[in-house]
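All remarks here apply to the structure that follows.
Note that ligands are numbered from 1 as they come in the structure, with each ligand's atoms numbered from 1 the same way.
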Amino acid sequence: MEPENVVHIASQFATHGKPISANRFGSGHINDTYRVDTDGSDQEAYLLQRINAFIFKDVPKLMDNMSLVCCHIRKKFQDAGEKRPETRSVTIVPTTDGRSFFRSETGEFWRMFILLEDTWSYDTLETADQAYAGGVAFGQFQKQLSDLPAENLHVILPRFHDISYRVDNLRSAIVCNKGKRADESEVRVLLEQIFSREADIRAGFEKQIAKATPKRIIHNDTKFNNVLLNAAGEVQCVIDLDTVMPGYVAYDFGDAIRTIINNGAEDDPYLDRITLNFPLFEAYTEGYLSQAKEFLTDAEVESLLFGVRLIPFLQVVRFITDYIDGDVYYRVHYLDHNLVRAKAQLKLLLELESNEEKLEKILNKALIS
Ligand code: GN1
Ligand code: MG
């Protein structure tokens, strides 16, 4: 969309000062995000997002959830005596007529947040301190939401991490073969790897998660780049609340470790770079447990490592499904991007599988420290 049109959309929101520029921002695969600057004297900047309506079918409910979660978290920081609780949670900027989203003439849905200056998010991380901060962020997030009744939240994306749902979608994608890619040899190799693990993953899920652990409100998209750090490298705020819904803590742990532990990128075309960074795994786990130990059951603690295997498996399934479908879900930056993502996540899964004992030792050490 042309920048002047985005600025026009931005002017529908109750900003301090008049929006004067809009520039693409961030690296999300789903929504389109812009940084909006204004001529206001307080220099406040904003994030404007076009919500992906193909994925989010009920935007009013999505925004209801988000408002609820933001207010709950802010109140927690306020009660804890935090000096500026408004900077510790996402802040929604309403439209000039007081709504949490704007619907354009062409039917697109937009929303706006305050941009927290002097905060940073990282697609890949380098230091153990950053990993520890990430663990604190998501552990604290789950803790703060632990007293919010799950039924107060709408289930925005049903069966989001459900193995059957994802694998069935893959099977249908293969049958429909919309993108005419299901028979490519690299795809067949990947599919073999997926289906040869399916029974084991299903059994592990039943035993370690479904039968043993409670559902809680979780984030459901705990990539490290969904944590904002401040200039001192400490947690400022957890962002991207689109998928906050009931789920199992092992999902959040597994999805976080997927990005924390990988020496390569999520979509690294050089598979040799996808190796495990154990010190970062240890630091994240310590940070997470520093917050979560007090509310996790023993069975939940025991389920965490299974989550580390489950989530990369589901990512392989999801990326290859979208590749076969012809790239309808994730934003792609080149022709076979989803295939490259799937291959990279499979390599990560193989690394994780062959190092499970080492990971378990590290986790056990973190538990007693
Ligand atoms: C998507 O919003 P974004 O780009 O962080 C996806 C997540 C995946 C992730 C993979 C709503 O997240 O589930 O884990 O890509 N979000 C949705 O990078 O499907
Ligand atoms: Mg997201």
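When the options F253, Y132, F141, F138 are evaluated for a ring-ring contact (aromatic ring centres under 6.0 Å, His included) with Y288, the one that passes is F253.
By the 3.5 Å distance cut-off applied to N or O atoms, T243 is not counted among the residues near ligand 1. Geometrically, ligand 1 and R318 share a nitrogen or oxygen pair separated by less than 3.5 Å. Backbone and side-chain nitrogen or oxygen atoms of N220 are examined, and none is located within less than 3.5 angstrom of a nitrogen or oxygen of ligand 1. At least one N or O atom of Y329, backbone or side chain, sits closer than 3.5 Å to an N or O atom of ligand 1.
Sparse packing is recorded around NZ of K75, with 12 or fewer heavy atoms of other residues, nucleotides or ligands lying under 6.0 Å away.
Centroid-to-centroid, the aromatic rings of Y251 and Y248 come within less than 6.0 Å. Taking the six-membered ring wherever Trp is involved, the centroid distance between the rings of F102 and F109 does not fall below 6.0 Å.
Relative to the six-membered ring of Y34, R24 meets both conditions, a distance below 6.0 Å and an angle of at most 45° to the axis. A cation-pi geometry, defined here as NZ or CZ lying under 6.0 Å from the six-membered ring centre and within 45° of its normal, does not hold between R111 and F101.
For R258, the heavy-atom gap to ligand 1 drops under 4.0 angstrom. Ligand 1 does not have R331 within reach: every non-hydrogen atom of the residue lies 4.0 Å or more from it. For D221, the heavy-atom gap to ligand 1 drops under 4.0 angstrom.
The salt bridge (Lys or Arg N to Asp or Glu O under 4.0 Å) contacts involving residues 121-143 comprise K143-E294, where partners must be two or more places apart or lie in separate chains.
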Taking distance alone, no hydrogens or angles, what donor-acceptor pairs closer than 3.5 Å link side-chain atoms of residues 50-57 to residues at least two apart or in another chain?
{"unit_1": "R50", "atom_1": "NE", "unit_2": "D32", "atom_2": "OD2", "d": "3.0"}
{"unit_1": "R50", "atom_1": "NH1", "unit_2": "E108", "atom_2": "OE2", "d": "3.0"}
{"unit_1": "R50", "atom_1": "NH2", "unit_2": "D32", "atom_2": "OD2", "d": "3.0"}
{"unit_1": "N52", "atom_1": "OD1", "unit_2": "F54", "atom_2": "N", "d": "3.0"}
{"unit_1": "N52", "atom_1": "OD1", "unit_2": "I55", "atom_2": "N", "d": "3.2"}
{"unit_1": "N52", "atom_1": "ND2", "unit_2": "I30", "atom_2": "O", "d": "3.1"}
{"unit_1": "K57", "atom_1": "NZ", "unit_2": "F54", "atom_2": "O", "d": "2.5"}

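Close contacts between ligand 1 and E266 involve ligand atoms 10 (C), 18 (O) [criterion: under 4.0 Å to a heavy atom]. Per-residue contacts place Y330 under 4.0 angstrom from the following atoms of ligand 1 (heavy atoms of the residue considered): 15 (O). With ligand atoms numbered from 1 in the order given, ligand 1 contributes 4 (O) to contacts under 4.0 Å with heavy atoms of G28. Distances below 4.0 Å separate heavy atoms of D240 from the following atoms of ligand 1: 2 (O), 5 (O).
Contact annotation for Q345 and ligand 1: no heavy atom of the residue comes within less than 4.0 Å of the ligand. Residue contacts with ligand 1, taken as heavy atom pairs separated by less than 4.0 Å, do not involve N31 at all.
With hydrogens and angles disregarded, no donor-acceptor distance shorter than 3.5 Å links the side chain of R258 to the backbone of T222.
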